[in-house]
2 protein chains.
Amino acid sequence: MDQKDRQIVRALQRDARMTNQDLAAEVNLSPSPCLRRVRNLEKSGAIRGYAALVDEAAYGLPVTVFVRVSLARHTEEAVQQFEAAVARVDQVLECFVMTGVQDYLLRVVVADLPDYERFVRRRLHTIGGIASIDTSFVYGVVKRTSVLPVV
Amino acid sequence: MDQKDRQIVRALQRDARMTNQDLAAEVNLSPSPCLRRVRNLEKSGAIRGYAALVDEAAYGLPVTVFVRVSLARHTEEAVQQFEAAVARVDQVLECFVMTGVQDYLLRVVVADLPDYERFVRRRLHTIGGIASIDTSFVYGVVKRTSVLPVV
DNA sequence: GCCTCCATTGGCATAATATTCCAATATAGT
DNA sequence: ACTATATTGGAATATTATGCCAATGGAGGC
């Protein structure tokens, strides 16, 4: 991935639906080589896909929660089971394995507080093997971008 | 936003570059009304934009860090100053105001550990007014989706 | 310093897609 | 049941993507 690829990537992080012609103009290429670069980035996996950014509140899920989870045991089996189970839960949009005391950080979207309680009781605790759950609600968004910094 | 709009939104979260014709087929509409719905969702702000999903490692920034920040004082002025400053830092992709002891949760991407140290010393601490910083590195990704759950 | 080879590029023709308009259909309120 | 309003589907047109081929540019060898 050279500088031109990175330029293309940043442009598409800003607006994934811009036309190839506009993209080509922005990175100073003609459309053909520009499109070829994009296709190569897709094939190589550097571009994992394209996603619409949606206002969760407008969609009907205005509450975002970050949940930190610790497992009771860390056997291969317990870990695998938790990770497979959590991946199946639709409300969990992201789940990261983290350094520190807590094992996982989850980003979860729900409709309201009662909905979050239901989520914890029916979706999380039913997985089993969880030692502790630490919940933080999102009050507000200061910044939210997809565009990676220039390297 | 009705069920059809939500279907459209989920489809575009899965693949923002699918053609309007395929989208229309998926939600059982003809292309014209489907495109009109998409445009309305864009105008109303329900769709905030479209972003390419990029492999940070392939791009050259393989280290993702979640940083929790507390401010020393919570005067209107100190808060505004911090938020404006953090929004200007390119390595900070997301910054949320959170409930709990810590005030903010930041998602940061860097090249490596020395790069993270530079980031904290030159970008974060120089902002001023920060009482504490708590760092957690991302070891691995269990799940990562843009698609909101069905409501 | 020149030449050769390989990767990348630009332009053109064609195919696919988006966009706009209008008539037809469906929906909600009275 | 009737009217007003919003939404739909289809066809014509404008944009855009795509694939092919000749041309260009740059790195390494002589």
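First the proteins, then the strands, lettered A, B, ... as listed; each starts at 1.
Using modelled atom types, one finds no donor on one side chain facing an acceptor on the other under 3.5 Å when comparing B:Gln13 with A:Tyr50.
Among the nucleotides C:dC21, C:dA18, C:dG10, the one closest to the side chain of B:Gln21 is C:dA18. Minimum atom distance to the side chain of A:Arg36 is reached by C:dT9, of the listed C:dT9, C:dT17, D:dT8. Nearest to the side chain of A:Pro33, among D:dT8, C:dA18, C:dT9, sits C:dT9.
Between B:Arg39 and the phosphate of C:dA18, there is no side-chain N or O to OP1/OP2 separation shorter than 4.0 Å. Contact annotation: A:Arg37 side-chain N/O to C:dT9 OP1/OP2 distance is under 4.0 Å.
With respect to B:Asp22 and B:Arg17, no salt bridge is recorded, no charged nitrogen being found less than 4.0 Å from a carboxylate O. Between A:Arg14 and A:Glu26 there is a salt bridge, since at least one side-chain N of the basic residue sits less than 4.0 Å from a carboxylate O of the acidic one.
Rounded to an integer number of Å, the gap from A:Leu23 CG to C:dT9 P is 13 Å. Computed from coordinates, the B:Asn28 CG to C:dA26 C1' distance equals 17 Å when rounded to whole Å. To the nearest angstrom, P of C:dA16 lies 18 Å from CG of A:Asn20. Going from atom CG of A:Asp2 over to atom P of D:dG26 covers 14 Å, rounded to whole Å. Spacing between atom CG of B:Asn40 and atom C1' of C:dT19 amounts to 14 Å, rounded to whole angstrom units. One interatomic measurement links the two molecules: CG of B:Leu29 to C1' of D:dT7, which rounds to 10 Å at whole-angstrom precision. The nearest whole Å value for the distance from the NZ atom in A:Lys4 to the P atom in C:dT9 is 8 Å. Residue B:Met18 contributes atom CE, which lies 17 Å from atom P of D:dA17 at whole-angstrom precision.
Contact annotation for A:Thr19: backbone-only contact, meaning every heavy-atom pair under 4.0 Å involves sugar-phosphate atoms and none involves a base.
For A:Phe137 and A:Phe66, the gap between ring centers reaches or exceeds 6.0 Å.
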